[in-house]
Protein chains: 2
Amino acid sequence: MLDYCMFSMKEITGLELSPKKVEYLKLLFRKGGVVRTTDISSSLKVDPSTTTKTISDLASIGLVDYTPYRGAELTEAGRKYAEFLVNRHNILTLMLSHYGLSSEETCEEVSRFESFVSRSAIDKICCSMGHPSVGGCGRIDHAFCDVS
Amino acid sequence: MLDYCMFSMKEITGLELSPKKVEYLKLLFRKGGVVRTTDISSSLKVDPSTTTKTISDLASIGLVDYTPYRGAELTEAGRKYAEFLVNRHNILTLMLSHYGLSSEETCEEVSRFESFVSRSAIDKICCSMGHPSVGGCGRIDHAFCDVS
DNA sequence: TGTTAAATTTGGGGTATATGCAAATTATTT
DNA sequence: AAATAATTTGCATATACCCCAAATTTAACA
């Protein structure tokens, strides 16, 4: 259990986490509070043992507080990181929705590639769209936009 | 050496190849004709042995004609697939360039995530932009747009 | 409270992607 | 033909996923 985190929001590139870890973080953010292994594994449709391993990884880098047999919860750093991830998803979804894709399509596409879009790109896209408060899949916060 | 290909352009989703294999195919397309292992490995900054392995993989699925110690060349199917890959890159680059990113940034971002954007999304984006003939990184062909 | 049932973790194993090094091989050049 | 350059093969590593079976822990309940 770490009380520090290898990521300080100021130096986030947005490219630190693998696609699956991004999914886990967004899920923990959506659920809020302590989330049980089974809950996660059934949401993500993976074996519980896979969840245990991934959550342990996230805990080892300080994004998650994990108590074995109890559950997992975002740390403060994890929550901030997850906020960025959700914003990124929503901004990209909003952007793509301007090109004739349906809502489901848009979300599906973005879910596939979002992990590879940098924070600085997101900042610029967000700025260029006038800092919209509602994205394709939910509200957008602007606490993490560099370019305001 | 296969004269058939597991991909028929009509059923292409755009998600068949890993990011690195996409790079190889786009490179072979740009270079044209028979390309030597060293040429590829120096362009992509990987060890020649890595290139040999990847090219062999591409040959095994019928996208590349490969003669050991001689070089690699796209098959007809490979050329068509690579055309799609280049178009996808150019369309996505053009799209992103509308959001305040510089040319280099745009190309860099797209290169990171393009492998995860489906052909059907590209078709729609392309259609929505009015089938532009020039993208962010080069010309765009429309032979592969479903929605014309 | 002890026993069972459910949830969870551990350990092992597997696939896919991607990489490099060293040694062996093939091609080219002289 | 011998030397050199290019290339391949075999081996090894690393990351990111994944699942299964066995062991463990927690929770329930009788």
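Below, chain A is the first sequence line, B the second, and so on; all start at residue 1.
- What separates NZ of Lys20(A) from P of dT17(C) is a distance of 17 Å, to the nearest Å.
- Taking atom CG of residue Asp57(A) and atom P of nucleotide dT15(D), one finds them 11 Å apart after rounding to whole Å.
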Please step through side chain to side chain contact (heavy atoms under 4.5 Å, CB included) for the pair Leu44(A) and Thr51(A), ending with a clear verdict.
CA-CA 9 Å; Leu44(A) 300 184; Thr51(A) 294; 5.8 Å; no

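- Under the 6.0 Å cut-off for aromatic ring centres, Phe113(B) and Phe113(A) qualify, their centroids lying closer than that.
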Working note: Val34(B) + Arg70(B), criterion side chain to side chain contact (heavy atoms under 4.5 Å, CB included); need CA distance, chi angles, decisive distance, verdict.
CA-CA 8 Å; Val34(B) 175; Arg70(B) 284 293 168 195; 5.6 Å; no

Find every protein N or O atom lying less than 3.5 Å from an N or O atom of nucleotides 10-14 of chain C, and list the pairs.
from    : atom 1 : to       : atom 2 : distance (Å)
dG12(C) : O6     : Lys53(A) : NZ     : 3.1

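- Distance from the side chain of Val46(B) is smallest for dT19(C) among the nucleotides dT19(C), dT17(C), dA16(D).
- In this entry the distance linking CZ of Phe116(B) with P of dA16(D) reads 13 Å, nearest Å.
- In summary, Glu83(B) and Lys80(B) do not engage in a salt bridge, as defined by a charged side-chain N under 4.0 Å from a carboxylate O.
- In terms of phosphate contacts, Arg70(A) brings a side-chain nitrogen or oxygen within less than 4.0 Å of OP1 or OP2 of dA27(D).
- Residues that satisfy the salt bridge (charged side-chain N to carboxylate O under 4.0 Å, His left out) test with Arg30(B), not counting sequence neighbours, are absent from this structure.
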Filtered N/O pairs between nucleotides 1-3 of chain D and protein, under 3.5 Å:
none

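- Qualifying salt bridge (charged side-chain N to carboxylate O under 4.0 Å, His left out) partners for Glu23(B), counting only residues two or more places apart in sequence or in other chains: Lys20(B).
- Taking only side-chain nitrogens and oxygens, Thr54(A) never comes nearer than 4.0 Å to OP1 or OP2 of dA16(D).
- For the pair Leu44(A) CG and dC17(D) C1', the interatomic distance rounds to 13 Å; values are reported in whole Å.
- Spacing between atom CG of Asp39(A) and atom P of dA6(C) amounts to 18 Å, rounded to whole angstrom units.
- If you measure from atom CD of Glu16(B) to atom C1' of dT17(C), you get 17 Å, rounded to the nearest angstrom.
- Rounding to whole angstrom units, CD1 of residue Ile55(B) and P of dA18(C) are separated by 13 Å.
- Residues Lys26(B) and Glu114(B) are paired through a salt bridge, judged by an N-O separation under 4.0 Å between the basic side chain and the carboxylate.
- Partners of Tyr99(B) under the ring-ring contact (aromatic ring centres under 6.0 Å, His included) rule, at least two apart in sequence or in another chain, do not exist in this structure.
- With sequence neighbours excluded, no residue forms a ring-ring contact (aromatic ring centres under 6.0 Å, His included) with Phe29(B).
- Rounded to a whole Å, the CD1 atom of Ile40(B) is 13 Å from the P atom of dT19(C).
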